[in-house]
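Here is the structure we will look at, set down as structure tokens.
Numbered from 1 within each chain, the chains take letters A, B, ... in sequence-line order.
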Amino acid sequence: MSENHQALGAAAPASSASAAKVASAPAWRSLFAKEDSWSIWLALILIAIGYALFAGGTSIKWLAVAPAKWTTVGAAAQDFAAHAGSYLALYLVWAVLFSVSLAVMGHKIKQFLPAFTVLFIAAILVFEAGAWASAAKYNLEPPLVALLLGLVITNVVPLPSWFEAGLRVEYYVKVGIILLGATLPFTLLVWAGPVAVVQAAIVSLVTFFVIYFTGKWLGLDRRFAAVLGVGGAVCGVSAAIAIAGAVRAKREHASAAITLVIAWAIVMIFLLPFVAQALGLSTGIAGAWIGTSEFADAAGVAAAQAYGDLARHAGGVIAGAPDASVQAFTLMKVVGRDIWIGIWALVLAVVATTRWEDKPAADGSAIKTRISAAEIWARFPKFVIGFVLASAFVTWVASHYSLADYRREVVPGLVGPITALRTWAFIFCFLSIGLSTRIRGLSGTSFKPFLAFTAGVVVNVLIGYWLSVHVFAAYWNGLGS
Amino acid sequence: MSLLTLIRHRPAAPPVMAACARCRFAAGGGAHLERSIPGLSVFGSGFGSSIGESCLCERHDRLVSPDDSCAHYEAPAAGVDREEP
């Protein structure tokens, strides 16, 4: 069927045994082989324990500890000492859950555990910094502090290689997003989900075609242009690697696309919240805009969380509930964009097979590819299922209470602690982003791919703004009410 | 060829042993992909669903699927079973 013809002259033997293992693995093994599945198990275990305790008349809030607001270092230290047992218990719970799951996935726990311990201590410091009463005055929002701190440290101080084992960015953000589902009413998901899908579809298609045709016009390989396009249009690094696999792209093209996604995602984390603030956007609208204009889940959560925190500390200057920012972002990014990656992969695999065939190789070394509709499910971001399940479950729990009782009992006893656990997972993620983004470690990219991707970024940001602020504003503002 | 026809059409499968899944040049496993593709683990992961079953062909230096095949297939050396991931 399709053919790729650029065999390399020199080649090294690879870990074919592991590739064979992947291919021949039984179906049940996929439930324990990927971070997506494990993020569902972990988050649902925490939610189930939280509900069991809540139903039994107690609460998981003793575990879901968070620093109290403080004005002096002495007060912060006193609060920490008073809750030291809870912090230790929380560390043990996270460490056990992550260690067991990562061990099953094949990671080395001897490396992960010390790295996670350092990460947890850093997370406490970042959380404490965010609880400083004057933090908002200096824009010391925890996501931005964590990112900046990590970026500076990793690019100035050489970190030991074992420390990388603890920086599981995507794993942490998936756990956090599923926990976020538990705080998002299912009715809201049903109400705003279709709007998110429509808005995301418009932005994704336009962004993809702008990047793809700009790239093609600049003379880039079509597979490379497609990887760049979907990286900008759908879900960043995950999309880039998914499409690189679907169209059988070269490794260097996947690396270059990933570099561009990372560079722009980092810029957007710091840019979008402050531009949204300058434009006076409500939290819901800003979250939707960030959801259409950020390239990676982790980066978008950081930007949306930062905007929510800005709103929380702005004393009513920014309209909307602080949590509406992350809620709108998640609806837009996860429901609107991420879930379609399998469809993109299948369609582009078919196009690559039927339309992008290169000249036949003289030595008959072309790669013969096989396409299957199973690709859609194989690449589906399955953590989204956990997000929907968590939302449905807690909504079912809440349906047994009046609004007043929900606020008096369910919020402090169940939803609040789950929110605190979510915040921890996100801080692990934000720190990991910064600490794993070593500029020198990224592959280089030339001007043409940069230009093509940047054209898509500009169009994406403008259309995302127009749709969020002018076309679907009523929906996104509704999240905060 | 229509899209549906293409998806339904399953050409004569190559012998199982000649597919990328069992080729010495195909490198699978999340950790290997993370080591081989700079930046993959910053905002993504070699262990996420979106990567599917893709592996890296170190002969062609391209991402391939386990069912793919080519004329350069070589069986792994006897007893070679590198650690996964």
Side-chain angles (χ1 to χ4, degrees), chain A residues 1 4 6-8 11-23 34-36 105-106 169-170 236-238 241-242 244-245 248-251 254-255 258-259 261-262 265 296 298-299 341 350 354 364-371 373 375 378-382 433 436-437 441-443, chain B residues 1 3 6-7 10-11 13-14 19-33 36-72 74-77 80-85:
Chain A
M1 294 171 75
N4 297 326
Q6 295 166 15
L8 299 178
S15 52
S16 56
S18 54
K21 281 179 190 171
V22 171
K34 299 281 187 181
E35 286 178 354
D36 284 62
M105 283 187 270
V169 174
E170 195 163 87
V237 172
S238 298
I241 197 67
R248 279 64 171 176
K250 287 183 182 178
R251 170 175 28 192
S255 297
I258 286 170
T259 297
V261 167
I262 292 171
I341 187 59
V350 170
T354 56
S365 65
I367 299 172
K368 295 180 179 65
T369 60
R370 300 272 301 269
I371 299 174
E375 184 117 19
R379 297 189 193 275
F380 181 81
K382 296 166 190 70
I433 293 172
S436 58
T437 309
L442 298 174
S443 80
Chain B
M1 190 182 291
L3 191 148
L6 182 72
I7 293 169
R10 305 285 291 184
C20 290
R22 295 184 182 280
C23 176
R24 68 187 284 253
F25 297 117
H32 183 88
L33 289 172
S36 306
I37 301 176
L40 175 58
S41 59
V42 178
F43 283 122
S45 170
F47 295 85
S49 287
S50 60
I51 211 152
E53 293 183 348
S54 294
C55 46
L56 190 62
C57 170
E58 294 189 355
R59 180 71 171 75
H60 293 271
D61 208 31
R62 286 180 189 268
L63 286 148
V64 294
S65 285
D67 283 346
D68 292 349
S69 58
C70 83
H72 288 297
E74 284 184 31
V80 173
D81 189 3
R82 283 164 59 173
E83 187 183 1
E84 184 197 0

* Asked: Under the 3.5 angstrom rule, does the side chain of Asp68(B) hit a backbone N or O of Ala19(B) as a donor-acceptor pair?
  -> no
* Asked: Below 4.5 Å, heavy atoms only, C-beta onward: do Glu53(B) and Asp67(B) meet side chain to side chain?
  -> no
* Among the options Thr437(A), Val261(A), Val169(A), Ile262(A), pick out the one with the most heavy-atom pairs lying under 4.5 Å from chain B. => Ile262(A)
* Is any side-chain heavy atom of Leu33(B) less than 4.5 Å from a side-chain heavy atom of Leu63(B)? -> yes
* Asked: Looking just at side-chain N and O atoms, do Ser65(B) and Arg248(A) make a donor-acceptor pair shorter than 3.5 Å?
  -> yes
* Region of Ile433(A) in contact with chain B, defined by heavy-atom distances below 4.5 Å -> both
* To do: Identify which part of Ala242(A) has an atom lying under 4.5 Å from any heavy atom of chain B, answering side chain, backbone, both or neither.
  => both
* Asked: Got a salt bridge between Asp61(B) and Lys250(A), using NZ or NE/NH1/NH2 to carboxylate O under 4.0 Å?
  -> no
* For chain A, which of Gly44(B), Ser36(B), Ser50(B) has the most heavy-atom pairs under 4.5 Å? -> Ser50(B)
* Report the option among Gly48(B), Ser45(B), Ser41(B) that has the most heavy-atom pairs separated by less than 4.5 Å from atoms of chain A. => Ser45(B)
